[in-house]
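Order of the sequence lines sets the chain letters (A, B, ...), proteins ahead of strands, with each chain counted from 1.
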Amino acid sequence: NVEPRSVAVFPWHSLVPFLAPSQPD
Amino acid sequence: PPHSTALPSHFMKGAIIQLATGELKRVEDLQTQDFLRSAEVSGGLKIDSSTVVDIQENQWPGFVTLHFIVGEQQSKVCLDVPPEHPFFVYGQGWSSCNPRQTAQLFALPCHRLQVGDVCISISLQSVV
């Protein structure tokens, strides 16, 4: 018997940097 | 110093990425529209255009410092990353400061990231 292999699924937002602009005063 | 951890495997060619629409795509097949549409339906997140304005050697070996101008507010943001770190450039796709190293580590085809490139980044949607 072959164990089913789990495949990792990554969320789209993990691929792009979170660049939070600083809040204006 | 910046964290010298290896980049996560979601940049590895063949990695399965789930869009906010539920659709699954391989990381190398992603297109600009996939990010834009995902942000639209995700709620709370928005896509910003982040223009690379400077790329500098970092004082820490194995890192570069990227300077961005981010979003409508034109905020300045710096980021310390390994040169193989891929960024998604509008209309161009994955790009890094060292495409050869990115190919060696992730097998992910990349363009060379250059000053003037406009990258996709995310931030929180401001609540009005």
Side-chain angles (χ1 to χ4, degrees), chain A, chain B residues 7-12 14-28 30 32 34-39 41-42 44-51 66-81 85-89 94 108 119-126:
Chain A
N1 283 348
V2 179
E3 296 259 337
R5 286 204 334 211
S6 62
V7 176
V9 177
F10 301 95
W12 70 275
H13 53 76
S14 64
L15 294 169
V16 286
F18 185 88
L19 299 181
S22 52
Q23 294 299 312
D25 293 330
Chain B
L7 286 178
S9 57
H10 53 226
F11 288 122
M12 197 69 75
I16 307 292
I17 307 300
Q18 183 164 39
L19 306 181
T21 55
E23 189 184 350
L24 299 177
K25 276 197 162 189
R26 293 185 195 281
V27 64
E28 66 271 21
L30 290 172
T32 305
D34 294 322
F35 292 99
L36 300 182
R37 206 176 310 124
S38 281
V41 303
S42 66
L45 290 177
K46 75 174 168 115
I47 297 283
D48 282 318
S49 301
S50 297
T51 305
L66 300 176
H67 298 255
F68 293 97
I69 296 289
V70 180
E72 292 171 356
Q73 296 177 5
Q74 302 277 287
S75 312
K76 292 178 184 172
V77 177
C78 294
L79 207 56
D80 296 321
V81 293
H85 192 297
F87 291 87
F88 201 93
V89 173
W94 293 113
L108 182 69
C119 300
I120 286 178
S121 69
I122 49 174
S123 63
L124 290 178
Q125 190 129 39
S126 53

Practice prompt. Supply the atom-to-atom distance B/Ile120 CD1 to A/His13 NE2, rounded to the nearest 0.5 angstrom.
Written response: 14.5 Å
Check [X] against [Y] and note the closest heavy-atom contact, atom names and distance.
{"X": "A/Ala20", "Y": "B/Ser123", "answer": "CA-CB, 4.3 Å"}
{"X": "B/Ile16", "Y": "A/Ala8", "answer": "CB-O, 3.8 Å"}
{"X": "A/Leu19", "Y": "B/Asp48", "answer": "O-OD2, 4.1 Å"}

Discussion item. Just so I know, are the side chains of A/Ser14 and B/His10 near enough to count as touching, which here means a heavy-atom distance under 4.5 Å?
Written reply: yes
Item to complete: Determine whether A/Pro17 and B/Phe87 make a side-chain contact, defined as any pair of heavy atoms from C-beta on separated by less than 4.5 Å.
Response: yes
Discussion item. Which residues pass the side chain to side chain contact (heavy atoms under 4.5 Å, CB included) test with B/Ala20, not counting sequence neighbours?
Written reply: A/Trp12, B/Ser38, B/Val41, B/Ser42
Practice prompt. Start with the C-alpha gap between B/Phe88 and A/Leu15, add the side-chain angles, then the distance that decides, and say whether side chain to side chain contact (heavy atoms under 4.5 Å, CB included) holds.
Written response: CA-CA 8 Å; B/Phe88 201 93; A/Leu15 294 169; over 6 Å; no
Worksheet entry | Toward chain A, the part of B/Phe35 with a non-hydrogen atom under 4.5 Å | both
